[in-house]
Amino acid sequence: MRSLAALVMAGLVLGMSAPHSEGAPPPGTQPAETVASNRLAAGEARSLALVARPGAYVRGTLAVGAGRVRLDLVAADGRPIRRLADDVEGRTVVHFVAPGGPARLVLTALEDGTAHLTTEAIVAPPKAVSPPPRLTSSVMAALARSVEAGGGTEAFWAEVARRGTPLVEVGGDGQVLLTFLARGNRTNVRLVGAPSGDHEWLSRLAGSDVWFKSFTVPADTRLSYRIAPDVPAPAGSARERRIALLATAAADPLNHHPWPADAPDAFNQESTLELPAAPVQPGLENLSAPRGTFTRFRLSSAGLGNTRSITLYTPAGFDPADRRNQLLILFDAKAYLTKVPTPRILDALTADGRLPPTLAVFVSEIDAETRTRELPGNPAFADFLARDLLPAIQARSRAAIPPGRTILAGSSYGGLAATTVALTHPELFGNVIAMSGSFWWHPERLAELVARATRPDLRFHMSAGLFEGAHQGSDSILETTRRLRERLKSRGYPVTGRDYAGGHDYLVWRGALADGLLAIAGARTID
(Lines give C-alpha, C1' and ligand atoms only; values in the text may rest on other atoms or scores of the structure.)
Protein backbone atom coordinates (compact mmCIF):
# COMPACT_ATOMS: atom_id res chain seq x y z
CA MET A 1 0.00 0.00 0.00
CA ARG A 2 1.37 3.42 -0.87
CA SER A 3 1.81 5.99 1.86
CA LEU A 4 -0.79 8.71 2.24
CA ALA A 5 1.75 11.30 1.14
CA ALA A 6 2.24 9.48 -2.13
CA LEU A 7 -1.44 9.44 -3.07
CA VAL A 8 -3.98 12.07 -4.00
CA MET A 9 -7.20 10.23 -4.59
CA ALA A 10 -9.54 10.92 -7.50
CA GLY A 11 -12.98 11.04 -5.86
CA LEU A 12 -15.68 9.65 -8.14
CA VAL A 13 -19.31 9.67 -7.01
CA LEU A 14 -22.13 9.01 -9.48
CA GLY A 15 -24.68 11.80 -9.65
CA MET A 16 -22.94 13.88 -6.97
CA SER A 17 -20.77 16.97 -7.02
CA ALA A 18 -17.44 17.27 -5.24
CA PRO A 19 -15.17 20.31 -4.93
CA HIS A 20 -12.00 20.42 -6.98
CA SER A 21 -8.91 20.19 -4.82
CA GLU A 22 -6.00 22.45 -5.69
CA GLY A 23 -3.79 21.09 -2.92
CA ALA A 24 -3.40 18.10 -0.63
CA PRO A 25 -6.25 15.64 -0.05
CA PRO A 26 -8.73 16.57 2.67
CA PRO A 27 -8.14 15.29 6.23
CA GLY A 28 -9.16 11.67 6.65
CA THR A 29 -8.61 10.65 3.04
CA GLN A 30 -7.34 7.09 2.96
CA PRO A 31 -4.96 5.63 0.39
CA ALA A 32 -7.63 3.30 -0.97
CA GLU A 33 -9.51 3.08 -4.24
CA THR A 34 -12.61 5.17 -4.87
CA VAL A 35 -15.31 3.39 -6.81
CA ALA A 36 -18.32 4.43 -8.90
CA SER A 37 -20.85 1.84 -9.98
CA ASN A 38 -24.40 2.03 -11.30
CA ARG A 39 -26.87 0.75 -13.87
CA LEU A 40 -27.24 2.94 -16.94
CA ALA A 41 -29.87 3.07 -19.67
CA ALA A 42 -28.89 3.50 -23.32
CA GLY A 43 -28.06 7.16 -24.00
CA GLU A 44 -27.87 8.05 -20.31
CA ALA A 45 -24.87 10.09 -19.12
CA ARG A 46 -23.62 10.33 -15.54
CA SER A 47 -21.20 12.96 -14.28
CA LEU A 48 -18.46 11.92 -11.89
CA ALA A 49 -16.60 14.68 -10.06
CA LEU A 50 -12.82 14.50 -10.31
CA VAL A 51 -10.83 15.48 -7.23
CA ALA A 52 -7.15 15.42 -8.06
CA ARG A 53 -4.22 17.75 -7.73
CA PRO A 54 -3.42 19.40 -11.09
CA GLY A 55 -0.68 17.49 -12.83
CA ALA A 56 -1.31 14.28 -10.88
CA TYR A 57 -1.04 11.05 -12.84
CA VAL A 58 -4.49 9.45 -12.81
CA ARG A 59 -4.96 5.82 -13.73
CA GLY A 60 -7.98 3.64 -13.38
CA THR A 61 -10.00 0.69 -14.59
CA LEU A 62 -13.39 0.88 -16.26
CA ALA A 63 -15.24 -2.44 -16.06
CA VAL A 64 -18.50 -2.89 -17.98
CA GLY A 65 -20.69 -5.67 -16.66
CA ALA A 66 -23.18 -5.43 -19.50
CA GLY A 67 -23.71 -3.19 -22.52
CA ARG A 68 -21.18 -0.69 -23.86
CA VAL A 69 -20.04 2.68 -22.48
CA ARG A 70 -17.93 5.73 -23.27
CA LEU A 71 -15.83 7.73 -20.80
CA ASP A 72 -14.88 11.41 -21.32
CA LEU A 73 -12.87 13.95 -19.35
CA VAL A 74 -14.55 17.36 -19.56
CA ALA A 75 -14.00 20.80 -18.04
CA ALA A 76 -16.43 22.20 -15.48
CA ASP A 77 -18.18 24.18 -18.23
CA GLY A 78 -18.68 21.02 -20.31
CA ARG A 79 -15.84 21.69 -22.73
CA PRO A 80 -14.40 18.34 -23.86
CA ILE A 81 -10.80 17.73 -22.82
CA ARG A 82 -10.19 14.11 -23.71
CA ARG A 83 -12.03 10.93 -24.65
CA LEU A 84 -10.62 8.31 -22.30
CA ALA A 85 -12.46 5.24 -23.56
CA ASP A 86 -15.00 4.52 -26.27
CA ASP A 87 -17.27 1.57 -27.04
CA VAL A 88 -16.02 -0.41 -24.04
CA GLU A 89 -17.74 -3.75 -23.44
CA GLY A 90 -15.32 -5.41 -21.02
CA ARG A 91 -12.48 -3.93 -19.00
CA THR A 92 -10.14 -1.15 -20.05
CA VAL A 93 -7.40 0.82 -18.32
CA VAL A 94 -7.37 4.61 -18.52
CA HIS A 95 -4.42 6.96 -18.00
CA PHE A 96 -4.35 10.75 -17.97
CA VAL A 97 -2.83 13.76 -16.24
CA ALA A 98 -5.26 15.81 -14.15
CA PRO A 99 -5.96 19.19 -15.82
CA GLY A 100 -5.23 22.53 -14.21
CA GLY A 101 -8.85 23.48 -13.54
CA PRO A 102 -12.03 21.81 -12.28
CA ALA A 103 -12.98 18.78 -14.34
CA ARG A 104 -15.46 15.91 -14.47
CA LEU A 105 -15.56 12.40 -15.82
CA VAL A 106 -18.68 11.70 -17.87
CA LEU A 107 -19.81 8.12 -18.34
CA THR A 108 -22.23 7.59 -21.23
CA ALA A 109 -24.10 4.36 -21.90
CA LEU A 110 -24.20 3.27 -25.54
CA GLU A 111 -26.43 0.35 -24.56
CA ASP A 112 -28.34 -0.64 -21.42
CA GLY A 113 -25.89 -2.02 -18.89
CA THR A 114 -23.72 -1.52 -15.84
CA ALA A 115 -20.35 0.12 -15.31
CA HIS A 116 -17.81 0.13 -12.51
CA LEU A 117 -15.01 2.70 -12.42
CA THR A 118 -11.99 2.64 -10.10
CA THR A 119 -9.32 5.36 -10.13
CA GLU A 120 -6.37 6.65 -8.20
CA ALA A 121 -4.35 9.81 -8.70
CA ILE A 122 -0.68 9.39 -7.92
CA VAL A 123 2.00 11.98 -7.32
CA ALA A 124 4.39 10.78 -10.05
CA PRO A 125 6.32 13.77 -11.40
CA PRO A 126 8.19 13.16 -14.63
CA LYS A 127 11.91 12.52 -14.42
CA ALA A 128 14.41 14.44 -16.49
CA VAL A 129 15.54 12.32 -19.45
CA SER A 130 17.64 13.63 -22.32
CA PRO A 131 20.04 11.21 -24.01
CA PRO A 132 23.17 12.73 -25.57
CA PRO A 133 22.11 14.17 -28.93
CA ARG A 134 23.37 12.70 -32.21
CA LEU A 135 23.60 15.37 -34.90
CA THR A 136 23.23 13.20 -38.03
CA SER A 137 20.83 15.76 -39.55
CA SER A 138 22.47 18.68 -41.35
CA VAL A 139 19.50 20.87 -40.36
CA MET A 140 19.93 20.06 -36.68
CA ALA A 141 23.71 20.44 -36.87
CA ALA A 142 23.30 23.94 -38.33
CA LEU A 143 20.76 24.82 -35.62
CA ALA A 144 23.15 23.55 -32.91
CA ARG A 145 25.91 25.82 -34.21
CA SER A 146 23.52 28.78 -34.31
CA VAL A 147 22.28 28.20 -30.75
CA GLU A 148 25.82 27.77 -29.48
CA ALA A 149 26.69 31.12 -31.03
CA GLY A 150 23.82 32.79 -29.14
CA GLY A 151 21.07 32.56 -31.77
CA GLY A 152 17.41 31.89 -31.06
CA THR A 153 15.03 29.22 -32.35
CA GLU A 154 12.02 31.29 -33.49
CA ALA A 155 12.97 31.24 -37.18
CA PHE A 156 13.61 27.51 -36.99
CA TRP A 157 10.18 26.81 -35.47
CA ALA A 158 8.45 29.08 -37.99
CA GLU A 159 9.98 27.06 -40.83
CA VAL A 160 9.08 23.78 -39.12
CA ALA A 161 5.47 24.93 -38.73
CA ARG A 162 5.37 25.73 -42.44
CA ARG A 163 6.95 22.46 -43.60
CA GLY A 164 5.45 20.14 -40.99
CA THR A 165 7.09 17.33 -39.07
CA PRO A 166 9.04 15.13 -39.12
CA LEU A 167 11.83 16.80 -41.06
CA VAL A 168 12.73 14.84 -44.20
CA GLU A 169 16.25 14.94 -45.62
CA VAL A 170 17.97 12.88 -48.31
CA GLY A 171 20.18 10.19 -46.83
CA GLY A 172 22.78 7.91 -48.29
CA ASP A 173 22.22 4.77 -50.38
CA GLY A 174 18.76 5.89 -51.48
CA GLN A 175 17.48 6.16 -47.91
CA VAL A 176 15.85 9.06 -46.07
CA LEU A 177 16.72 10.80 -42.80
CA LEU A 178 13.73 11.60 -40.58
CA THR A 179 14.00 13.97 -37.63
CA PHE A 180 11.16 14.04 -35.08
CA LEU A 181 10.73 17.22 -33.05
CA ALA A 182 9.03 18.63 -29.97
CA ARG A 183 9.10 22.12 -28.54
CA GLY A 184 9.13 23.49 -25.02
CA ASN A 185 10.79 23.45 -21.62
CA ARG A 186 10.04 19.82 -20.88
CA THR A 187 11.51 17.32 -18.44
CA ASN A 188 11.33 14.59 -21.05
CA VAL A 189 9.76 13.76 -24.42
CA ARG A 190 9.11 10.27 -25.78
CA LEU A 191 8.43 9.25 -29.36
CA VAL A 192 5.74 6.56 -29.46
CA GLY A 193 6.05 4.37 -32.56
CA ALA A 194 9.59 5.24 -33.61
CA PRO A 195 11.07 3.69 -36.77
CA SER A 196 13.40 1.72 -34.49
CA GLY A 197 10.46 -0.48 -33.51
CA ASP A 198 10.48 0.89 -29.96
CA HIS A 199 9.46 4.02 -28.06
CA GLU A 200 12.42 6.40 -28.04
CA TRP A 201 13.44 9.31 -25.81
CA LEU A 202 14.10 12.56 -27.64
CA SER A 203 17.21 14.60 -26.82
CA ARG A 204 17.20 18.26 -25.88
CA LEU A 205 19.44 20.56 -27.88
CA ALA A 206 21.50 22.30 -25.20
CA GLY A 207 20.46 25.89 -24.50
CA SER A 208 17.24 25.65 -26.50
CA ASP A 209 13.60 24.59 -26.45
CA VAL A 210 14.24 21.97 -29.17
CA TRP A 211 13.83 18.23 -28.58
CA PHE A 212 14.72 15.87 -31.44
CA LYS A 213 15.82 12.45 -32.65
CA SER A 214 16.82 11.33 -36.15
CA PHE A 215 16.41 7.97 -37.90
CA THR A 216 17.49 6.60 -41.27
CA VAL A 217 14.61 4.80 -43.06
CA PRO A 218 13.86 3.32 -46.51
CA ALA A 219 12.45 5.67 -49.15
CA ASP A 220 9.10 3.79 -49.20
CA THR A 221 8.39 4.21 -45.48
CA ARG A 222 4.88 4.66 -44.11
CA LEU A 223 4.30 5.11 -40.36
CA SER A 224 2.19 6.67 -37.64
CA TYR A 225 3.47 8.01 -34.33
CA ARG A 226 2.66 10.12 -31.28
CA ILE A 227 4.58 12.49 -29.03
CA ALA A 228 4.47 12.00 -25.24
CA PRO A 229 5.86 15.01 -23.32
CA ASP A 230 6.57 14.99 -19.57
CA VAL A 231 5.81 11.31 -19.16
CA PRO A 232 4.93 10.54 -15.49
CA ALA A 233 7.28 8.26 -13.55
CA PRO A 234 5.12 6.16 -11.20
CA ALA A 235 6.61 3.68 -8.77
CA GLY A 236 6.08 0.04 -9.61
CA SER A 237 7.10 -2.35 -12.34
CA ALA A 238 8.95 -1.47 -15.52
CA ARG A 239 5.73 -2.18 -17.44
CA GLU A 240 3.76 0.29 -15.27
CA ARG A 241 6.35 2.97 -15.92
CA ARG A 242 6.41 2.15 -19.62
CA ILE A 243 2.64 2.40 -20.15
CA ALA A 244 2.52 5.70 -18.21
CA LEU A 245 3.38 7.37 -21.51
CA LEU A 246 -0.30 6.80 -22.45
CA ALA A 247 -1.16 9.62 -20.05
CA THR A 248 0.38 12.27 -22.30
CA ALA A 249 0.85 10.64 -25.74
CA ALA A 250 -0.95 12.62 -28.46
CA ALA A 251 -0.68 13.62 -32.10
CA ASP A 252 2.31 15.78 -32.96
CA PRO A 253 0.95 19.37 -33.10
CA LEU A 254 3.48 20.23 -35.81
CA ASN A 255 2.54 17.35 -38.11
CA HIS A 256 0.17 18.28 -40.95
CA HIS A 257 -1.42 14.83 -41.32
CA PRO A 258 -3.29 13.73 -38.16
CA TRP A 259 -5.13 10.41 -38.33
CA PRO A 260 -8.00 9.79 -38.10
CA ALA A 261 -9.08 13.30 -39.06
CA ASP A 262 -12.43 13.03 -37.25
CA ALA A 263 -11.03 11.86 -33.89
CA PRO A 264 -12.53 13.63 -30.84
CA ASP A 265 -9.18 15.06 -29.70
CA ALA A 266 -5.42 14.90 -30.25
CA PHE A 267 -5.04 12.17 -27.61
CA ASN A 268 -7.08 9.88 -29.86
CA GLN A 269 -5.12 10.75 -32.99
CA GLU A 270 -1.76 9.77 -34.40
CA SER A 271 0.47 11.67 -36.75
CA THR A 272 1.38 10.10 -40.06
CA LEU A 273 4.20 10.10 -42.57
CA GLU A 274 4.00 8.57 -46.04
CA LEU A 275 7.11 9.07 -48.15
CA PRO A 276 6.55 9.47 -51.91
CA ALA A 277 7.70 5.92 -52.67
CA ALA A 278 5.35 4.31 -50.12
CA PRO A 279 3.19 1.66 -51.81
CA VAL A 280 -0.37 2.44 -52.88
CA GLN A 281 -2.96 1.16 -50.42
CA PRO A 282 -5.75 -0.35 -52.56
CA GLY A 283 -9.36 0.45 -51.82
CA LEU A 284 -8.88 3.90 -50.33
CA GLU A 285 -9.34 5.80 -53.61
CA ASN A 286 -12.96 5.14 -54.65
CA LEU A 287 -15.20 7.13 -52.32
CA SER A 288 -18.31 6.78 -54.49
CA ALA A 289 -18.71 3.00 -54.23
CA PRO A 290 -22.15 1.84 -52.99
CA ARG A 291 -22.25 1.28 -49.22
CA GLY A 292 -23.58 -1.80 -47.47
CA THR A 293 -25.34 -2.28 -44.13
CA PHE A 294 -24.26 -3.20 -40.60
CA THR A 295 -25.91 -5.65 -38.22
CA ARG A 296 -24.64 -5.86 -34.66
CA PHE A 297 -25.56 -8.69 -32.32
CA ARG A 298 -24.34 -10.44 -29.17
CA LEU A 299 -23.02 -13.99 -29.32
CA SER A 300 -22.45 -16.21 -26.29
CA SER A 301 -19.98 -19.06 -25.96
CA ALA A 302 -20.39 -21.82 -23.41
CA GLY A 303 -16.83 -22.98 -24.05
CA LEU A 304 -15.32 -19.54 -23.45
CA GLY A 305 -17.81 -18.54 -20.77
CA ASN A 306 -18.47 -15.09 -22.21
CA THR A 307 -20.60 -13.00 -24.54
CA ARG A 308 -19.24 -10.59 -27.13
CA SER A 309 -20.34 -8.17 -29.84
CA ILE A 310 -20.28 -9.34 -33.44
CA THR A 311 -20.64 -6.88 -36.32
CA LEU A 312 -21.81 -8.23 -39.68
CA TYR A 313 -21.24 -6.10 -42.77
CA THR A 314 -23.38 -6.96 -45.80
CA PRO A 315 -22.26 -5.29 -49.04
CA ALA A 316 -24.72 -3.41 -51.23
CA GLY A 317 -26.75 -5.70 -53.50
CA PHE A 318 -25.53 -8.84 -51.74
CA ASP A 319 -27.12 -12.01 -53.16
CA PRO A 320 -26.80 -14.95 -50.73
CA ALA A 321 -27.02 -17.40 -53.64
CA ASP A 322 -24.14 -15.87 -55.62
CA ARG A 323 -21.44 -18.54 -55.91
CA ARG A 324 -18.73 -15.85 -56.10
CA ASN A 325 -19.39 -14.71 -52.52
CA GLN A 326 -16.59 -14.84 -50.00
CA LEU A 327 -16.61 -14.51 -46.20
CA LEU A 328 -14.01 -12.40 -44.36
CA ILE A 329 -13.71 -12.85 -40.57
CA LEU A 330 -11.59 -10.22 -38.81
CA PHE A 331 -10.44 -10.01 -35.19
CA ASP A 332 -10.11 -6.75 -33.20
CA ALA A 333 -13.43 -5.44 -34.48
CA LYS A 334 -13.17 -1.85 -33.27
CA ALA A 335 -9.83 -1.19 -34.96
CA TYR A 336 -10.87 -2.80 -38.25
CA LEU A 337 -14.05 -0.73 -38.37
CA THR A 338 -12.26 2.58 -37.65
CA LYS A 339 -8.48 2.79 -38.05
CA VAL A 340 -8.67 0.32 -40.90
CA PRO A 341 -11.86 1.28 -42.80
CA THR A 342 -12.49 -2.30 -43.91
CA PRO A 343 -16.05 -1.82 -45.22
CA ARG A 344 -14.92 1.12 -47.34
CA ILE A 345 -11.99 -0.91 -48.71
CA LEU A 346 -14.26 -3.85 -49.55
CA ASP A 347 -16.85 -1.58 -51.20
CA ALA A 348 -14.23 0.11 -53.37
CA LEU A 349 -12.43 -3.06 -54.46
CA THR A 350 -15.73 -4.79 -55.22
CA ALA A 351 -17.07 -1.82 -57.20
CA ASP A 352 -13.82 -1.76 -59.20
CA GLY A 353 -14.21 -5.45 -60.03
CA ARG A 354 -11.09 -6.46 -58.10
CA LEU A 355 -12.85 -8.47 -55.38
CA PRO A 356 -15.94 -10.70 -55.39
CA PRO A 357 -18.86 -9.75 -53.10
CA THR A 358 -17.51 -10.07 -49.56
CA LEU A 359 -19.52 -10.60 -46.41
CA ALA A 360 -17.41 -9.26 -43.52
CA VAL A 361 -17.61 -10.31 -39.87
CA PHE A 362 -15.87 -8.28 -37.15
CA VAL A 363 -15.23 -10.20 -33.92
CA SER A 364 -14.91 -8.10 -30.76
CA GLU A 365 -12.01 -8.87 -28.46
CA ILE A 366 -14.18 -7.84 -25.43
CA ASP A 367 -11.13 -6.37 -23.64
CA ALA A 368 -7.34 -6.59 -23.53
CA GLU A 369 -7.26 -9.33 -20.91
CA THR A 370 -9.68 -11.53 -22.85
CA ARG A 371 -7.80 -10.87 -26.09
CA THR A 372 -4.53 -12.01 -24.52
CA ARG A 373 -6.19 -15.18 -23.26
CA GLU A 374 -8.14 -16.12 -26.40
CA LEU A 375 -6.17 -15.15 -29.49
CA PRO A 376 -2.79 -16.85 -28.89
CA GLY A 377 -3.42 -20.45 -29.95
CA ASN A 378 -6.48 -21.12 -27.78
CA PRO A 379 -8.34 -24.28 -28.93
CA ALA A 380 -11.53 -23.15 -27.16
CA PHE A 381 -11.51 -19.93 -29.17
CA ALA A 382 -10.98 -21.90 -32.39
CA ASP A 383 -13.97 -24.06 -31.49
CA PHE A 384 -16.05 -20.95 -30.76
CA LEU A 385 -15.43 -19.69 -34.29
CA ALA A 386 -16.20 -23.09 -35.79
CA ARG A 387 -19.23 -24.10 -33.71
CA ASP A 388 -20.82 -20.81 -32.69
CA LEU A 389 -19.78 -18.01 -35.02
CA LEU A 390 -20.04 -19.69 -38.43
CA PRO A 391 -23.58 -21.06 -37.83
CA ALA A 392 -24.71 -17.65 -36.50
CA ILE A 393 -23.38 -15.91 -39.62
CA GLN A 394 -24.96 -18.45 -41.95
CA ALA A 395 -28.32 -18.05 -40.22
CA ARG A 396 -28.26 -14.25 -40.45
CA SER A 397 -26.85 -13.95 -43.98
CA ARG A 398 -28.64 -16.98 -45.50
CA ALA A 399 -25.38 -17.57 -47.38
CA ALA A 400 -23.52 -20.90 -47.38
CA ILE A 401 -19.97 -19.89 -48.26
CA PRO A 402 -17.49 -22.80 -48.66
CA PRO A 403 -14.14 -23.03 -46.82
CA GLY A 404 -12.21 -22.18 -49.98
CA ARG A 405 -13.90 -18.78 -50.01
CA THR A 406 -13.68 -18.15 -46.25
CA ILE A 407 -10.84 -15.93 -44.98
CA LEU A 408 -9.56 -15.45 -41.41
CA ALA A 409 -7.62 -12.21 -40.96
CA GLY A 410 -5.96 -10.29 -38.17
CA SER A 411 -2.90 -8.41 -36.97
CA SER A 412 -0.48 -9.07 -34.10
CA TYR A 413 -2.21 -11.64 -31.83
CA GLY A 414 -5.01 -11.55 -34.42
CA GLY A 415 -2.60 -12.70 -37.12
CA LEU A 416 -1.46 -15.52 -34.86
CA ALA A 417 -5.09 -16.47 -34.18
CA ALA A 418 -6.01 -16.48 -37.87
CA THR A 419 -3.14 -18.89 -38.52
CA THR A 420 -3.69 -21.27 -35.61
CA VAL A 421 -7.48 -21.40 -36.01
CA ALA A 422 -7.19 -22.23 -39.73
CA LEU A 423 -4.61 -24.93 -38.99
CA THR A 424 -6.93 -26.33 -36.29
CA HIS A 425 -10.07 -26.24 -38.46
CA PRO A 426 -8.86 -26.33 -42.09
CA GLU A 427 -12.13 -28.04 -43.03
CA LEU A 428 -13.92 -24.71 -42.34
CA PHE A 429 -11.37 -21.94 -42.95
CA GLY A 430 -9.44 -22.09 -46.21
CA ASN A 431 -7.54 -18.79 -46.29
CA VAL A 432 -5.43 -16.75 -43.85
CA ILE A 433 -4.27 -13.13 -43.90
CA ALA A 434 -1.77 -12.64 -41.06
CA MET A 435 -0.43 -9.09 -40.60
CA SER A 436 2.53 -8.74 -38.22
CA GLY A 437 1.48 -12.00 -36.58
CA SER A 438 2.85 -12.66 -33.10
CA PHE A 439 4.58 -15.84 -34.22
CA TRP A 440 7.23 -15.45 -31.51
CA TRP A 441 4.52 -16.72 -29.12
CA HIS A 442 5.23 -20.46 -29.31
CA PRO A 443 7.30 -21.56 -32.32
CA GLU A 444 7.20 -25.24 -31.30
CA ARG A 445 3.41 -25.23 -31.08
CA LEU A 446 3.15 -23.57 -34.48
CA ALA A 447 5.51 -26.12 -36.01
CA GLU A 448 3.38 -28.91 -34.55
CA LEU A 449 0.17 -27.42 -35.99
CA VAL A 450 1.77 -27.05 -39.42
CA ALA A 451 3.01 -30.66 -39.32
CA ARG A 452 -0.40 -32.02 -38.27
CA ALA A 453 -2.55 -30.05 -40.73
CA THR A 454 -4.00 -32.19 -43.50
CA ARG A 455 -5.31 -29.65 -46.03
CA PRO A 456 -2.49 -28.64 -48.41
CA ASP A 457 -4.88 -26.26 -50.21
CA LEU A 458 -5.02 -23.97 -47.15
CA ARG A 459 -3.74 -20.63 -48.48
CA PHE A 460 -1.71 -18.03 -46.52
CA HIS A 461 -0.78 -14.39 -47.03
CA MET A 462 1.68 -13.16 -44.39
CA SER A 463 3.11 -9.66 -44.03
CA ALA A 464 5.37 -7.92 -41.52
CA GLY A 465 7.13 -4.59 -41.01
CA LEU A 466 10.83 -3.99 -41.54
CA PHE A 467 10.81 -1.93 -38.32
CA GLU A 468 9.55 -4.96 -36.36
CA GLY A 469 12.92 -6.65 -36.24
CA ALA A 470 15.33 -4.03 -34.95
CA HIS A 471 15.07 -4.73 -31.21
CA GLN A 472 14.01 -8.37 -31.01
CA GLY A 473 16.57 -10.05 -33.27
CA SER A 474 15.81 -13.65 -34.30
CA ASP A 475 12.60 -13.75 -32.22
CA SER A 476 11.17 -10.60 -33.79
CA ILE A 477 7.85 -10.49 -35.61
CA LEU A 478 9.71 -9.89 -38.86
CA GLU A 479 12.04 -12.89 -38.51
CA THR A 480 9.42 -15.32 -37.14
CA THR A 481 7.04 -14.36 -39.96
CA ARG A 482 9.74 -15.05 -42.54
CA ARG A 483 10.57 -18.41 -40.95
CA LEU A 484 6.93 -19.49 -40.80
CA ARG A 485 6.42 -18.56 -44.45
CA GLU A 486 9.29 -20.84 -45.41
CA ARG A 487 8.08 -23.66 -43.17
CA LEU A 488 4.61 -23.52 -44.73
CA LYS A 489 6.07 -23.47 -48.23
CA SER A 490 8.24 -26.50 -47.42
CA ARG A 491 5.05 -28.34 -46.47
CA GLY A 492 3.50 -27.51 -49.84
CA TYR A 493 1.13 -24.74 -48.76
CA PRO A 494 0.52 -21.84 -51.15
CA VAL A 495 2.04 -18.80 -49.40
CA THR A 496 2.34 -15.17 -50.48
CA GLY A 497 3.51 -12.20 -48.46
CA ARG A 498 5.24 -8.88 -48.26
CA ASP A 499 7.53 -6.97 -45.89
CA TYR A 500 6.66 -3.27 -45.59
CA ALA A 501 8.87 -0.34 -44.61
CA GLY A 502 6.82 0.28 -41.47
CA GLY A 503 6.17 -0.98 -37.96
CA HIS A 504 3.47 -2.54 -35.81
CA ASP A 505 1.01 -0.07 -37.19
CA TYR A 506 -2.64 0.04 -38.30
CA LEU A 507 -1.66 2.64 -40.90
CA VAL A 508 0.45 -0.08 -42.55
CA TRP A 509 -2.12 -2.83 -41.95
CA ARG A 510 -4.90 -1.05 -43.82
CA GLY A 511 -2.82 -1.55 -46.98
CA ALA A 512 -1.61 -5.01 -45.95
CA LEU A 513 -5.21 -6.19 -45.55
CA ALA A 514 -6.16 -5.03 -49.04
CA ASP A 515 -2.99 -6.54 -50.50
CA GLY A 516 -3.81 -9.86 -48.82
CA LEU A 517 -7.39 -9.88 -50.11
CA LEU A 518 -6.21 -9.17 -53.65
CA ALA A 519 -3.49 -11.82 -53.46
CA ILE A 520 -5.97 -14.48 -52.34
CA ALA A 521 -8.58 -13.44 -54.90
CA GLY A 522 -5.96 -13.45 -57.66
CA ALA A 523 -4.65 -16.87 -56.69
CA ARG A 524 -8.18 -18.24 -56.63
CA THR A 525 -8.66 -17.48 -60.33
CA ILE A 526 -6.31 -20.34 -61.17
CA ASP A 527 -8.21 -22.89 -59.03
Side-chain angles (χ1 to χ4, degrees), residues 128-229 231 245 249 252-257 270-278 465-473 476 478 499-505 507-508:
V129 180
S130 178
R134 295 181 66 245
L135 295 170
T136 55
S137 160
S138 60
V139 173
M140 299 309 299
L143 179 64
R145 291 192 296 269
S146 173
V147 169
E148 188 175 5
T153 62
E154 289 301 322
F156 169 78
W157 286 120
E159 179 62 14
V160 167
R162 185 186 69 81
R163 292 171 54 178
T165 49
L167 299 182
V168 179
E169 300 173 75
V170 176
D173 298 324
Q175 297 204 308
V176 172
L177 187 70
L178 301 181
T179 301
F180 296 84
L181 295 163
R183 185 179 191 181
N185 296 316
R186 311 288 192 180
T187 53
N188 63 61
V189 181
R190 202 158 192 184
L191 175 63
V192 182
S196 64
D198 201 358
H199 307 319
E200 299 280 359
W201 296 106
L202 271 59
S203 301
R204 186 171 185 175
L205 187 64
S208 78
D209 59 354
V210 178
W211 294 78
F212 74 101
K213 191 172 182 68
S214 300
F215 303 85
T216 300
V217 301
D220 57 348
T221 290
R222 173 182 280 113
L223 59 81
S224 68
Y225 69 96
R226 290 187 289 170
I227 299 292
V231 177
L245 60 82
D252 179 354
L254 295 167
N255 181 283
H256 294 175
H257 304 285
E270 303 196 41
S271 299
T272 67
L273 171 75
E274 297 177 280
L275 292 178
L466 297 177
F467 303 158
E468 296 185 280
H471 282 268
Q472 296 83 18
S476 71
L478 177 62
D499 297 335
Y500 298 88
H504 208 67
D505 191 338
L507 189 70
V508 174

Consider only side-chain N and O atoms of Trp157 and Asp209, and report whether a donor and an acceptor are under 3.5 Å apart. yes

Can you find a pair of side-chain heavy atoms, one from Glu468 and one from Ser476, that are under 4.5 Å apart? no

State, to 0.1 Å, how close Thr153 and Ser208 come at their nearest heavy-atom pair, and which atoms those are. CG2-CB, 4.0 Å

Any sub-3.5 Å donor-acceptor pair from Asp252's side-chain atoms to Leu254's backbone N or O? yes

So, applying side chain to side chain contact (heavy atoms under 4.5 Å, CB included) with Phe212, which one of Val189, Leu135, Leu143 is it? Leu135

With the threshold set at 4.0 Å, does a side-chain nitrogen-carboxylate oxygen contact exist between Glu159 and Arg162? yes

In terms of side-chain heavy atoms, does Tyr500 have a donor or acceptor partner in Asp220 at a distance below 3.5 Å? no

Is it true that a side-chain atom of Gln175 and a backbone atom of Gly172 form a donor plus acceptor pair closer than 3.5 Å? no

With rounding to the nearest 0.5 Å, note down the distance linking CG in Leu178 to OG in Ser137. 10.5 Å

When you check the gap from the basic side-chain N to the acidic O, do Arg183 and Glu154 get nearer than 4.0 Å? yes

I'd like to check Ser271 versus Arg226 (side-chain heavy atoms, cut-off strictly below 4.5 Å). Are they in contact? no

Which pair of non-hydrogen atoms, one from Gly193 and one from Tyr225, has the smallest distance, and what is that distance? O-CB, 4.0 Å

When rounded to the nearest 0.5 angstrom, what distance separates CD in Glu270 from CG in Leu223? 10.0 Å

Evaluate the side-chain proximity of Phe215 to Glu200: yes if any heavy-atom separation is below 4.5 Å, no if none is. yes

To the nearest 0.5 Å, atom CG of Leu245 lies from atom CD1 of Ile227 at 11.5 Å

Candidate list Val168, Leu167, Thr165, test side chain to side chain contact (heavy atoms under 4.5 Å, CB included), partner Thr179, passing option: Leu167

For Leu177 and Val170, run side chain to side chain contact (heavy atoms under 4.5 Å, CB included): C-alpha distance rounded to whole Å, both residues' side-chain angles, the deciding distance at 0.1 Å, then the answer. CA-CA 6 Å; Leu177 187 70; Val170 176; over 6 Å; no

Go through the steps for Glu169 and Val176 under the test side chain to side chain contact (heavy atoms under 4.5 Å, CB included), then give the verdict. CA-CA 6 Å; Glu169 300 173 75; Val176 172; over 6 Å; no

Any side-chain heavy atom of Ser203 within less than 4.5 Å of one from Trp211? no

Of the non-hydrogen atoms in Pro195 and Val217, which two are nearest, and what is the gap between them? CB-CG1, 3.7 Å

Between CG of Asp499 and CZ of Phe467, what distance do you get to the nearest 0.5 Å? 12.0 Å

Could you tell me whether the side chains of Arg204 and Asn185 share a donor-acceptor contact shorter than 3.5 Å? yes

Please examine the side chains of Phe156 and Val147, heavy atoms only from C-beta on, and report whether any two atoms are closer than 4.5 Å. no

Between Leu275 and Pro218, what is the shortest heavy-atom contact and its length? CD1-O, 3.4 Å

Quick one: pull up CG in Leu202 and CG in Leu191 and give me the separation to the nearest 0.5 Å. 6.0 Å

Hydrogens and angles aside, do Ser224 and Asp505 bring a side-chain donor and acceptor to less than 3.5 Å of each other? yes

Report the distance from atom OG of Ser214 to atom CE of Met140, rounding to the nearest 0.5 Å. 7.0 Å

